Amino acid sequence: MSPAGDAVPVSASDVEAATADTAGTPSAPGDARPPVPLARPVIGEAEERAVLEVLRSRHLSLGPRVPEFERRFAQRVGAAHGCAVSSGTAGLHLALRAVGVEDCAKEDEVVTSPFSFIATANAVLFEGATPVFVDVDPETLNVTPDAVASAVTDRTRALLPVHIFGYPADVPAMERLGLPIVEDGAQALGAVHADGVPVGGHGHSTIFAFYANKQLTTGEGGLVTTGDAAVKQRIDSERNQGRAPDMQWLDHDRLGFNYRLSDLHCALGLAQLDRLDDMLEGRDRVAAWYREALAPLVARTGLELLCEDRGGNRRSWFVYVVRVPHGVDRDRTIRALADRGIQTRPYLPAIHLFAFYRERFGFREGQFPVAEDAAARGLSLPFFPEMTQAQVQRVVEDLTAVLAP
Ligand SMILES: Cc1ncc(COP(=O)(O)O)c(C=O)c1O
């Protein structure tokens, strides 16, 4: 289906123009209220200054901002090392290669979640391996250690849990399976495991992503944290065309890619790191406003919210996703909200039901019912750190008018 033909346009990435500043554009014909965008990055003078400094230095790539960003980001999540890369997807690719998911046969398997952004599973396909999906927990929407254990075979090469919607997956329990783990933390910067360790701090390669709707943005970009110096060395080389740090110009000792992140991006990332606590607090505040304002609608209609933190796990709020009540047409809800100037998206489609996954692996409906239900009913509401309480009220009023007039 072409994006232009969709009732709800969906772009190459998960939240396209949603991050553009749409203030000032009328909501809808006849509606004078400003629209409420889906997402909006926090960008101020510090970011402008940081990028300008790099521009003026003329050292735009392979410069000092890259290791500085890596060091400070890794420190922030309690990891020994960080490797800046051009996207979260690039990070997944290199992190999987570094644990041996490389040049695989179709029989080589990686156990992961069907309820994630498609990049998670695509990265497994890049190296010819097969993603083995297990259904997610109905509360956390993450894969559980038991479900993962039940899918492990002698062909399993790695586990790839996702901290979906910023809620920590139980990685410490998955460690007992004794297999290499790569964590998809693209949506989870700032999340904390029950044991007090931040997501990314458990020593496994963990990827983060910096598209403009994320908790921290560099425009586009990603970073892999790891506790293993050899993994750091390998990823640093493979992101830079297979060149080791001590090698001569244009000398390459392995297959590599161009997955580098520029100094401009890293400077932006450093400025964002300085304000990360404030941005995370802003997200927590907006989520709390939503929870309170939505309570009557939850009680009246059966609208479902994301789970509360439990057992010491702490969500880092990335998106505010609700599940429309059973029997409600989610896509019609999106169109009705768009008519009122509220930008929302279906979030997330289940990966196994994309046509090319069905064709390639024979997946079909009904295999992962929890993921499929979350995918069918999931609705991402406007959510960003600088959202005002009045905007939250407006979204909730419009959602109420659409769902329970
Ligand atoms: C769970 C998850 N994994 C991977 C990615 C890929 O990151 P990127 O878009 O930077 O390639 C995303 C991006 O949104 C994501 O949400």
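Counting starts at 1 for both ligands and their atoms, following the listed order. Just so we're clear, the structure is a prediction, and the values are computed from it rather than from any experiment.
Checked against a 3.5 angstrom limit, the closest N/O atoms of T89 and ligand 1 fall inside it.
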Using a 3.5 Å cut-off and no angle test, enumerate the donor-acceptor pairs between side-chain atoms of residues 240-249 and protein atoms at least two apart in sequence or in another chain.
residue, atom, partner, partner atom, Å
N240, OD1, R260, NH1, 2.8

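Checked by atom type, the side-chain pair H163/E183 shows a donor-acceptor distance below 3.5 Å. No side-chain N or O of T218 forms a donor-acceptor pair with one of Q272 less than 3.5 Å apart. A donor and an acceptor atom, one from each side chain of E127 and H93, are located under 3.5 Å apart. Judged by distance alone, the side chains of D195 and H202 do bring a donor and an acceptor atom under 3.5 Å apart.
Counting the atoms of ligand 1 from 1 in the order shown, those under 4.0 Å from a heavy atom of A186 are 1 (C), 2 (C), 3 (N), 4 (C), 5 (C), 12 (C), 15 (C). Taking a cut-off of under 4.0 Å to the non-hydrogen atoms of S87, the atoms of ligand 1 that pass are 10 (O), 11 (O). Interface of G221 with ligand 1, defined as ligand atoms under 4.0 Å from a residue heavy atom, comprises 10 (O). Applying the 4.0 Å criterion to heavy atoms of A209 picks out, from ligand 1, the atoms 7 (O), 10 (O). Residue A119 has at least one heavy-atom neighbour below 4.0 Å for each of these atoms of ligand 1: 4 (C), 6 (C).
In the displayed structure, D274 atom CG is contacted under 6.0 Å by more than 12 heavy atoms of other residues, nucleotides or ligands.
At a heavy-atom distance under 4.0 Å, only side-chain atoms of T120, from C-beta outward, approach ligand 1.
Salt bridge present: E109 and R155 bring a charged side-chain N and a carboxylate O closer than 4.0 Å. Under the 4.0 Å criterion applied to side-chain N and carboxylate O atoms, E397 and R33 are not assigned as salt-bridge partners.
The shortest separation from a heavy atom of S116 to ligand 1 is under 4.0 Å, placing the residue in contact. Heavy-atom distances between A123 and ligand 1 stay at or above 4.0 Å for every pair.
In this comparison of D184, L92, I164, N213, the heavy atom closest to atom 3 (N) of ligand 1 sits on D184. The residue from A121, G88, S113 that puts a heavy atom closest to atom 8 (P) of ligand 1 is G88. Looking at K214, E220, H163, it is K214 that brings a heavy atom closest to atom 14 (O) of ligand 1.
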